[in-house]
Amino acid sequence: MKNPVPQAASLLLEKLMLLVHIRPLPAGSGGETPPPAPGYYDTSCFKRGDLLEVPRTLFIHFGIYLGENRVAHMMPDILPSITGDRRQIQQVVTNKRLILGVIARTASVRVDTVEDYFAYGGSILVNHMDRLFENQVLDSEEAARRAEKLVGATAYSLLWNNCEHFVTYCRYGAPVSFQTDKFCETVKMIIRDQRSVLASVLVGLASIVCLGVAPSTTLPTIFIPFFLWMAG
């Protein structure tokens, strides 16, 4: 039987990551954010195979530029798992589709124009991660071809297979996610505080006593902080 504690810890971290990945939508938008008008970005400085970064409020979105104002990027999406209609899938990914995609662990690597459903008016950094992968940058055409081969439905995980894993695999040959690693380290640092660990245990025990929660389902949650604390 698999140890439920690491699985529970992983699930907890994924839920926290989901909260910071939800895109804020303007009031009255009906669940969709209208992209900037075509021509908003000057794509003449982009080269095929470039890695594009778009800093958001709480996270960074990544894509691989394919040329002709097209960018390949991964987004969690429930639709590819329930329909093969490309016209439906190619429509803007609403928060509802995104959240259900994260829960179902499904996504799609899609090709959009830079302004349509990728940058959303944000500033764009080009090949900003190259400095972290000295002597590992693949040929630009190879990076673009890798991205094109992965277009379509794919598995998804906020922790283990997200948009950053996708682009780092394409451009550097190694799927990694620095923002996920940083997030996990931050969570571990908070939990390492012995006062936080004690508080977590007390809250868990109180839930058993006051709410009558079965120990078999509650104890793994109580010891999640201990698992992450000791893992460090």
Side-chain angles (χ1 to χ4, degrees), residues 17 21 23 35-36 38-56 59-81 83-93 97-98 101-102 104-181:
M17 286 287 288
H21 276 70
R23 293 173 297 168
Y40 182 90
Y41 293 95
D42 179 10
T43 60
S44 62
C45 59
F46 300 158
K47 298 180 181 178
R48 180 172 164 83
D50 280 348
L51 190 157
L52 307 184
E53 296 181 42
V54 181
R56 308 285 196 199
F59 70 100
I60 301 173
H61 190 50
F62 298 86
I64 296 292
Y65 189 66
L66 302 179
E68 300 179 345
N69 196 29
R70 299 175 301 124
V71 58
H73 59 126
M74 178 189 288
M75 292 192 69
D77 188 3
I78 190 64
L79 274 189
S81 65
T83 181
D85 189 333
R86 293 186 178 182
R87 289 181 298 178
Q88 290 187 43
I89 295 174
Q90 196 61 26
Q91 293 176 3
V92 60
V93 178
R97 283 171 57 181
L98 184 150
V102 171
R105 295 175 180 263
T106 62
S108 63
V109 175
R110 48 189 292 145
V111 177
D112 293 302
T113 62
V114 172
E115 58 270 357
D116 286 343
Y117 319 139
F118 175 71
Y120 280 94
S123 59
I124 298 178
L125 301 177
V126 183
N127 299 330
H128 185 246
M129 296 181 68
D130 284 6
R131 59 189 175 83
L132 302 175
F133 290 89
E134 294 183 9
N135 304 319
Q136 289 184 247
V137 181
L138 300 177
D139 177 76
S140 295
E141 183 59 31
E142 172 64 19
R145 284 199 299 264
R146 285 188 174 209
E148 289 170 336
K149 287 180 181 179
L150 293 174
V151 170
T154 184
Y156 186 82
S157 169
L158 284 168
L159 293 178
W160 319 121
N161 188 37
N162 59 39
C163 63
E164 189 174 3
H165 292 101
F166 163 67
V167 297
T168 51
Y169 165 75
C170 291
R171 187 165 176 84
Y172 311 116
V176 298
S177 175
F178 292 107
Q179 61 180 344
T180 296
D181 292 343

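Using a 4.5 Å heavy-atom threshold, the side chains of T43 and Y65 count as touching. You'll find the side chain of V111 stays beyond 4.5 Å of the side chain of V71, heavy atoms only. Here the side chains of V102 and L158 are in contact, with some heavy-atom distance below 4.5 Å. Inter-residue side-chain proximity for M129 and F178 is flagged as met; some heavy-atom pair is nearer than 4.5 Å. The shortest distance between side-chain heavy atoms of T106 and D77 does not fall below 4.5 Å. With contacts defined as side-chain heavy-atom distances shorter than 4.5 Å, the pair R131/H128 qualifies. L79 is listed as a side-chain neighbour of R97, based on a closest heavy-atom distance under 4.5 Å. The side-chain heavy atoms of T113 and E68, taken from C-beta on, include no pair separated by under 4.5 Å.
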query: Could you go step by step and tell me if Y41 and I124 meet the side-chain contact (heavy atoms from CB on, under 4.5 Å) rule?
result: CA-CA 9 Å; Y41 293 95; I124 298 178; 3.7 Å; yes

task: I would like to know whether F118 and L52 meet side-chain contact (heavy atoms from CB on, under 4.5 Å); could you show each step before the answer?
output: CA-CA 10 Å; F118 175 71; L52 307 184; 3.9 Å; yes

query: Could you walk me through whether L51 and V126 pass the side-chain contact (heavy atoms from CB on, under 4.5 Å) check?
result: CA-CA 6 Å; L51 190 157; V126 183; over 6 Å; no

message: Is there a side-chain contact (heavy atoms from CB on, under 4.5 Å) between Y169 and I64? Walk through the geometry before answering.
response: CA-CA 11 Å; Y169 165 75; I64 296 292; over 6 Å; no

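Nearest heavy-atom pair, T154 versus N161, reported as atom, atom and distance to 0.1 Å: OG1-ND2, 4.2 Å. The two residues L150 and C170 have their closest heavy-atom pair at CD1-SG, 4.3 Å. For V54 against A119, the heavy-atom pair with the smallest separation is CG1-O, 3.6 Å. For V109 against A147, the heavy-atom pair with the smallest separation is CG1-O, 4.3 Å. In terms of heavy atoms, C45 sits closest to D50 at O-OD2, 4.3 Å. The two residues R146 and G173 have their closest heavy-atom pair at NH1-CA, 3.5 Å.
For the 3.5 Å distance criterion, the side chains of N162 and T180 qualify, holding a donor opposite an acceptor. Side chains of S44 and D42: a donor on one and an acceptor on the other come within 3.5 Å. The closest side-chain donor-acceptor pair between D112 and Q90 falls under 3.5 angstrom.
The SG atom of C163 sits 9.0 Å away from atom CE of M75, with the distance rounded to the nearest 0.5 Å. To the nearest 0.5 Å, atoms CG (L138) and CZ (F133) are separated by 10.5 Å.
Side-chain atoms of R110 come within 3.5 Å of backbone atoms of I89 as a donor-acceptor pair (strictly under, hydrogens ignored). Side chain of S108 to main chain of P80: no donor-acceptor pair is present (N/O by atom type, distance under 3.5 Å, no hydrogens or angles). Judged by distance alone, the side chain of Y156 and the main-chain N or O of A104 form no donor-acceptor pair under 3.5 Å. Side-chain N or O atoms of Q179 include one that pairs as donor or acceptor with a backbone N or O of I60 at under 3.5 Å.
By the 30° and 60° cut-offs, the orientation of the rings of Y117 relative to Y120 is tilted.
Ring pair H73/F62: centre-to-centre distance not below 6.0 Å.
Sorted by first then second residue, the salt bridge (charged side-chain N to carboxylate O under 4.0 Å, His left out) pairs that include residues 148-177, not counting sequence neighbours, are R48-E148, D130-R171.
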